Amino acid sequence: MVVAEAMIQQLTQQVFTALQEQARFALDFQSQFEMMKTKLDLTKALLADTENLKSKKKAVKTILINLRDLIYEADNILTDCLVRDEYQKDGSCTSFTLQKPIFLYQTGKKLKDINAKMETMERSLALYLKAPDESNHGDNTNQVMKYASQDCVPSEIIGLERDLEKLKGWMLYAKDVLLRVGIVGMGGLGKTTIAQKIFNDIEVAGHYDKMIWVSVSQASSDLRIMRSMLEQLELHCSVSDEAQMLHKLNQLLRDKTCLIVLDDVWEINQEWWNQLCSALQNAVGKSNCIIITTRKEDVLVSMDVDKSQVHQPKTLKEDDSWLLFSKSAFSRCKDRKCPDAQFERVGKEILEKCGGLPLAIKAIAALLASRSHSIVQWIEVNDNFHELTSGGNFSSVMASLQLSYDELPSLLKQCLLCFSIYPEDSEIQAEQLINWWVGEGLVQGKGWKTAKEVGFDYLSELVTRCLVEAVHRRGYDGRVYCCKMHDMVRELTTKIAEEESFGEFDVKGKQEMTANSRWLGFTSEMNPKSLRKSSKLRALLIMSTYKAGFDRNIGSLSSLRVLDFSLTKLENISVEELMDWICSLKRLAYLNLNGVVGLKELPPSIRKLRNLQLLILGGCNDLVKLHPAITNLTKLIVLDLGSCRLQHLPRGIERLSYLQELSGFKVGASSRSSPSCRFSDLQQLVHLRVLRMSVGKESEIAENDRYVLLNLNKLKVLAIDAEDCEDNSISKKLDSLSPLQLSRSCISGVIAKILCLRGSILKGSLACNTFVLKMGISLTSKQALNM
């Protein structure tokens with residue numbers, strides 16, 4: 001059961017910080033917040049145990065869902081208190097201050113009610129933890145093994161012939177004493193099938209003295225693996241001690257060539273693995289080989305498999321998918337062939353939904369084989385494919401994928417479930433996805449790393465575990481820029497997201513708008529007015545053009561934290577009414593207005609969004625003016641103004657002291673009478689990691705500003721756009737930024753200047769400093785970041 005562990009962590013930290021710093025609101029409700037922190041700590045400890053209660057009574061699921069709802073409610077109250085605190089800091093006169101007695105009374109009452117409910121739920125969970133788990137009697141290893149891997153028997157192979165030849169070439173012509181070969185990929189992709197075929201190949205068998213196959217799985221131990229190996233090397237295994245087993249293996253394999261297949265490895269004991277490999281390296285002048293199949297790339301790294309010896313099977317192509325499908329689906333037909341063109345058309349539509357995943361193709365083909373004389377039943381299967389994936393016919397497919405999901409840490413589970421609201425085959429921009437995670441509090445900063453940097457690490461981990469596919473990566477460090485999810489993995493995420501009450505989906509896997517939805521991908525098939533009933537909604541992503549307006553008639557969506565228009569293009573709407581509605585969403589933490597056409601000015605009402613942490617205006621090509629009220633948004637960590645036609649940034653930008661990323665900063669005149677932001681204002685933004693700025697004809701950098709950038713000791717990326725300047729003025733303005741030094745580089749065939757910090761002024765633990773000067777249109781901001 002995925003309970004919002006990240007939310008608990010964030011909420012506990014916020015309460016602790018408020019109590020420690022004695023914030024105004026914490027003093028108002030000190031006893032209730034102290035009680036809440038104690039209960040949150042206890043709840044977090046209980047959740048670590050309840051993670052294994054999935055198979056217990058439905059009552060547990062209900063308690064956990066209700067507990068998460070309670071945490072969301074507590075988060076709403078704390079957010080309101082934080083917003084009220086922000087208003088009081090600058091002395092603003094609002095409904096919060098005018099109605100202080102009412103606010104204090106209502107908030108105190110709500111906190112007491114939440115603490116009482118939390119205590120009741122904790123007692124219920126504790127009782128279930130004490131009760132025996134009747135669903136888990138005995139050893140469940142065999143059950144895990146059933147889905148983790150297949151028995152070592154030859155399996156028909158289609159579409160993987162080149163894979164086999166490639167692996168055989170590595171093995172038969174290897175010069176290494178011990179060759180390690182990795183096969184990595186998502187569940188159901190055919191890793192075990194390929195390994196089986198290699199293991200049973202006559203040419204391969206003639207190359208080795210001994211052949212050993214071990215099905216590892218999640219439930220295995222070092223002793224179990226060694227016992228299996230010994231039993232295959234001799235009829236009777238009399239030793240049981242680990243050291244004795246290793247010694248025995250060493251004796252039996254001495255001066256012999258051996259092929260060992262370790263199928264479905266999830267983790268490895270590094271010390272034991274090193275000792276085993278040492279034992280296999282005694283066959284001087286001969287080559288031993290270990291083939292490891294796994295779903296996790298980092299397992300192969302820990303087992304010292306060279307990247308050049310790692311094979312990642314691809315999903316089957318259309319022709320191979322049809323061939324594999326036909327062998328089972330038409331096994332009862334005359335001549336084992338497709339009866340007619342209608343069956344072929346429907347069959348190929350069903351195949352498309354399997355996404356070339358061999359295990360899914362075999363499962364659906366086996367189901368259709370018994371219905372091969374009824375086109376009506378085939379059409380019914382096609383129309384209800386999403387519903388079928390959660391039934392018994394697909395149990396092996398879903399169980400295989402479920403293993404990968406179950407093995408994820410709780411924080412990564414929540415991040416993975418976010419993919420459920422994107423339509424099939426969507427290519428998802430990593431930046432947009434991670435902004436959502438940060439805005440909703442699913443990821444937190446750790447040590448030197450910002451929340452966004454941690455988010456990119458999380459996404460990379462999901463890719464490494466073969467649950468998400470990287471479509472585009474950054475050149476120098478492999479950071480994922482764009483990703484997608486296999487249709488069958490998406491089927492799993494929609495199933496779990498529905499069970500966890502994050503959203504609901506129809507029989508075709510499309511999301512439906514309901515009153516209890518927490519996340520929503522809004523499409524053209526939905527009506528904005530239906531959002532009035534979605535008061536629990538926390539994330540709203542507008543995914544298709546809708547000409548009807550988003551305004552106050554929709555309702556307040558009081559729990560909303562994430563609002564993203566970047567996946568659509570809103571035209572012919574009242575921008576004023578849209579902004580009026582947006583500015584009423586006082587708990588909003590992430591706002592992306594890229595995609596809103598006709599936004600010329602950010603209104604003064606933007607000051608109401610005191611909880612806003614990420615504001616993305618990049619791509620708003622009509623935007624020419626920001627109201628100074630934007631400087632009231634002191635919780636901002638990301639402000640993106642890239643590609644906007646702003647005349648200048650308002651004074652007071654230094655008030656945004658928590659900013660970690662600032663894009664589209666325009667260097668204005670240094671005169672104090674000028675309404676524009678000055679270059680010297682940057683020196684107070686000491687948390688900046690990324691700064692993208694532009695230098696224009698009107699820009700001024702004063703003599704005493706030349707050391708401004710030295711104060712930004714956390715800065716990792718600096719991109720300077722000087723396309724509006726003449727060449728001579730570029731050099732003069734940049735020379736005044738001493739002690740930066742210029743060097744030349746060629747990027748995509750175009751000469752650009754790259755600024756690099758001198759080693760003498762490097763501070764902190766900067767792993768990468770990238771500084772780019774854009775000349776003319778030679779280097780876009782995106783290209784600059786790709787460096």
Side-chain angles (χ1 to χ4, degrees), residues 4-11 13-14 68 71-72 75-76 78-80 82-83 86 411-412 414-422 428-446 449-459 502-503 517-522 534 536-543 556-568 581-596 606 608-619 630 633-640 656 658-663 687 689-690:
E5 184 177 322
M7 287 297 303
I8 292 177
Q9 181 178 328
Q10 180 190 38
L11 197 59
Q13 184 58 45
Q14 285 181 331
R68 185 186 63 210
I71 292 166
Y72 283 147
D75 182 54
N76 284 343
L78 186 59
T79 300
D80 289 346
L82 288 167
V83 169
E86 288 295 318
L411 297 177
L412 283 179
Q414 294 179 100
C415 294
L416 184 73
L417 292 184
C418 290
F419 284 83
S420 63
I421 74 169
Y422 293 92
I428 303 165
Q429 296 302 313
E431 190 92 13
Q432 180 261 339
L433 178 69
I434 290 164
N435 284 343
W436 169 12
W437 293 351
V438 174
E440 197 177 342
L442 300 181
V443 297
Q444 306 290 318
K446 293 181 181 178
K449 288 193 174 182
T450 66
K452 282 193 67 173
E453 289 169 341
V454 172
F456 276 106
D457 288 345
Y458 281 9
L459 181 58
F502 285 114
S517 295
R518 294 292 181 181
W519 305 330
L520 180 66
F522 187 90
S534 303
K536 294 183 178 181
L537 206 60
R538 292 179 63 86
L540 176 60
L541 280 63
I542 314 301
M543 294 191 170
S556 66
L557 296 184
S558 58
S559 295
L560 202 65
R561 299 302 195 278
V562 172
L563 180 60
D564 192 323
F565 292 94
S566 66
L567 302 174
T568 185
W581 170 65
I582 290 174
C583 292
S584 71
L585 305 172
K586 63 181 181 181
R587 293 170 180 152
L588 202 63
Y590 164 47
L591 174 61
N592 191 329
L593 291 172
N594 183 356
V596 177
I606 195 72
K608 297 178 182 179
L609 302 181
R610 297 300 181 101
N611 191 49
L612 202 62
Q613 297 160 43
L614 303 99
L615 177 57
I616 310 299
L617 297 167
I630 194 174
L633 309 182
T634 56
K635 293 184 71 176
L636 279 179
I637 58 173
V638 175
L639 177 58
D640 184 355
L656 308 182
Y658 291 110
L659 271 182
Q660 297 167 357
E661 295 186 19
L662 175 58
S663 298
H687 296 291
R689 265 75 165 178
V690 176

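The structure displayed is predicted, hence computed values, not measured ones.
- How far CZ of R610 is from CG of L633: 7.5 Å, rounded to the nearest 0.5 Å.
- One distance of note links CG of L557 with CZ of R587; it measures 11.5 Å at 0.5 Å rounding.
- Between T568 and F522, every side-chain heavy-atom pair lies at or beyond the 4.5 Å cut-off.
- The number of heavy atoms from other shown groups lying within 6.0 Å of NZ (K449) does not exceed 12.
- Pairing each heavy atom of K586 with each of V83, the nearest pair is O-CG2, 4.0 Å.
- Residues Y458 and L442 share a closest heavy-atom pair of CE2-O, 4.4 Å.
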(message) Before you tell me yes or no, could you show the steps for L593 and I582 under side-chain contact (heavy atoms from CB on, under 4.5 Å), namely the whole-Å CA-CA distance, both residues' side-chain angles and the distance that decides it to 0.1 Å?
(response) CA-CA 10 Å; L593 291 172; I582 290 174; 3.7 Å; yes

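- Scored by the side-chain hydrogen bond (donor to acceptor under 3.5 Å, both in side chains) test, N594 finds no partners at all (sequence neighbours excluded).
- Annotation: side chain of V638 is not in contact with side chain of Y590 (no heavy-atom distance under 4.5 Å).
- A donor-acceptor pair under 3.5 Å is formed between the side chain of S584 and the backbone N or O of W581.
- Residues meeting the side-chain hydrogen bond (donor to acceptor under 3.5 Å, both in side chains) test with E661, sequence neighbours left out: K452.
- No option in N76, L537, T79 other than N76 meets the side chain to side chain contact (heavy atoms under 4.5 Å, CB included) test with S559.
- Here the closest non-hydrogen pair linking V443 and C415 is CG1-SG, 4.1 Å.
- Residues A430 and L459 come closest through the heavy atom pair CB-CD2, 3.5 Å.
- Of all heavy-atom pairs spanning W519 and Q414, the tightest one is CH2-O, 3.8 Å.
- The CH2 atom of W436 sits 4.0 Å away from the SG atom of C418 when rounded to the nearest 0.5 Å.
- A donor and an acceptor atom, one from each side chain of K635 and N611, are located under 3.5 Å apart.
- What you find for G439 and V562 is that their closest heavy atoms are C-CG2, 4.2 Å.
- No side-chain heavy atom of I637 sits less than 4.5 Å from a side-chain heavy atom of T450.
- The CG atom of L560 sits 11.5 Å away from the CZ atom of R518 when rounded to the nearest 0.5 Å.
- A salt bridge links D75 with R561: at least one charged nitrogen is closer than 4.0 Å to a carboxylate oxygen.
- With rounding to the nearest 0.5 Å, the separation of CD1 in I616 from CG in D640 is 5.0 Å.
- For Q432 and N592, the side-chain atoms include no donor-acceptor pair closer than 3.5 Å.
- Between the CG atom of D564 and the CG atom of N435 there is a distance of 8.0 Å, given to the nearest 0.5 Å.
- The side-chain hydrogen bond (donor to acceptor under 3.5 Å, both in side chains) check on S558 picks up nothing, with sequence neighbours excluded.
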